[in-house]
Undergrad: 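Following this message is one structure expressed as structure tokens.
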Amino acid sequence: MEQIQAGSSVESACRKCKTVTDHHVVVMLDDKIGKVQCKVCSGKHAYRPPKEEPLPKAPRVKKAAAGKKAVAPKKLSPEVTAHWEKMVQTTPQENMLPYSMSGAFQPGDVISHTTFGPGYVQQFIKPNMIEVLFQDSVKKLRCCA
């Protein structure tokens, strides 16, 4: 293996070129490369050894906010699902109230939501929220008081 010294040619990561390019060694510190000069852009900088190709990153997992525990979505019990089916199936589609944030709803109303589908209003939460039972979950939605 060839001894590296001032004037030798080495590969280094060049931030100006934003890639790994050939460089001339300008300064040696003991047995280590100190400074190099890029053969492409002529920029002088500290030696940065070329890195290996980065491994693909694993997908990020969302963390719970500080001080809060992550809550897994609850699966609805068969009784709750049966209650939803009974309430929604006994109401014809044309009698379902279309959901809007400006709408006024009462417990017992059956609504039609554009994203979640048909839902049963379980309770009104002051000042402007309703708790709605959908097929797969219970959601709190805004409404007019």
Side-chain angles (χ1 to χ4, degrees), residues 1-2 4 8-29 31-145:
M1 183 171 182
E2 185 181 323
I4 296 177
S8 296
S9 184
V10 294
E11 285 190 337
S12 179
C14 181
R15 289 190 180 157
K16 197 171 183 183
C17 295
K18 296 183 180 168
T19 187
V20 174
T21 60
D22 283 333
H23 289 70
H24 291 290
V25 176
V26 177
V27 175
M28 291 293 295
L29 302 173
D31 291 339
K32 296 185 180 185
I33 302 170
K35 286 196 171 200
V36 292
Q37 182 176 11
C38 181
K39 291 181 180 179
V40 176
C41 69
S42 300
K44 291 182 183 178
H45 57 81
Y47 173 69
R48 293 181 198 93
K51 295 180 181 177
E52 294 179 12
E53 285 294 316
L55 298 173
K57 293 183 179 179
R60 293 186 74 188
V61 177
K62 287 188 177 182
K63 295 181 181 177
K68 295 183 180 180
K69 291 184 178 180
V71 179
K74 295 179 183 176
K75 185 155 175 112
L76 297 177
S77 69
E79 295 83 20
V80 173
T81 304
H83 179 67
W84 175 84
E85 287 176 0
K86 176 183 164 200
M87 297 309 294
V88 170
Q89 288 178 354
T90 58
T91 305
Q93 182 72 30
E94 58 272 0
N95 291 351
M96 290 184 189
L97 302 171
Y99 170 76
S100 72
M101 288 180 16
S102 62
F105 304 100
Q106 298 295 321
D109 288 347
V110 177
I111 65 170
S112 176
H113 193 280
T114 55
T115 303
F116 306 122
Y120 172 72
V121 179
Q122 293 184 318
Q123 66 177 332
F124 179 78
I125 305 168
K126 291 186 179 182
N128 58 352
M129 299 285 284
I130 53 175
E131 185 178 84
V132 183
L133 173 64
F134 291 102
Q135 184 175 13
D136 60 346
S137 63
V138 175
K139 303 213 181 287
K140 291 181 181 173
L141 304 175
R142 290 194 66 168
C143 70
C144 201

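Note that this is a predicted model, so its numbers are computed, not measured. Quick note: residue numbers are just sequence positions, from 1.
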Undergrad: What I'd like to find out is whether the side chain of Met129 reaches to under 4.5 Å of the side chain of Leu141, using heavy atoms alone.
TA: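 Result no, sub-4.5 Å side-chain heavy-atom pair not found.
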Undergrad: NZ/Lys35 to OG/Ser12 distance, rounded to the nearest 0.5 angstrom?
TA: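 It is 12.5 Å, given to the nearest 0.5 Å.
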Undergrad: Kindly check if the number of other-residue, nucleotide or ligand heavy atoms within 6.0 Å of NZ (Lys39) is above 12?
TA: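 It does: Lys39 NZ has more than 12 such atoms within range.
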Undergrad: Tell me the closest heavy-atom pair linking Phe124 and Pro127, and the distance in Å.
TA: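 So the minimum-distance heavy-atom pair works out to CZ-O, 3.5 Å.
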Undergrad: Output a table of donor-acceptor pairs, distance under 3.5 Å, between side-chain atoms of residues 16-27 and any protein atom two or more places apart or on a different chain; print 'none' if there are none.
TA:
from: His23; atom 1: ND1; to: Thr21; atom 2: O; distance (Å): 2.8
from: His23; atom 1: NE2; to: His45; atom 2: NE2; distance (Å): 3.1

Undergrad: Minimum heavy-atom separation for Pro118 to Val88, with atom names?
TA: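 Reported closest heavy-atom pair: CB-CG1, 3.7 Å.
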Undergrad: For a quick test of reading the model, state the closest non-hydrogen atom pair linking Trp84 to Leu133 and the distance between them.
TA: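 Shortest heavy-atom separation between Trp84 and Leu133 comes out as CD1-O, 3.2 Å.
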Undergrad: Is it the case that atom CG in Asn95 sees more than 12 heavy atoms from other parts of the structure closer than 6.0 Å?
TA: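 Result for CG/Asn95: enclosed.
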Undergrad: For Gln135, look at atom CD and say whether over 12 heavy atoms of other residues, nucleotides or ligands are found less than 6.0 Å away.
TA: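 Open.
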Undergrad: Compare every heavy atom of Thr91 with every heavy atom of Met87, then report the nearest pair and how far apart it is.
TA: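 Taking Met87 first and Thr91 second, the nearest heavy atoms are O-OG1, 3.0 Å.
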Undergrad: Can you list, pair by pair, the side-chain donor-acceptor contacts under 3.5 Å of residues 98-114, counting residues two or more places apart and other chains?
TA:
from: Tyr99; atom 1: OH; to: Arg142; atom 2: N; distance (Å): 3.4
from: Tyr99; atom 1: OH; to: Arg142; atom 2: O; distance (Å): 2.5
from: Ser100; atom 1: OG; to: Ser102; atom 2: OG; distance (Å): 3.4
from: Ser100; atom 1: OG; to: Gly103; atom 2: N; distance (Å): 3.2
from: Asp109; atom 1: OD2; to: Gln106; atom 2: N; distance (Å): 2.8
from: His113; atom 1: ND1; to: Thr115; atom 2: N; distance (Å): 3.0
from: His113; atom 1: ND1; to: Phe116; atom 2: N; distance (Å): 3.2

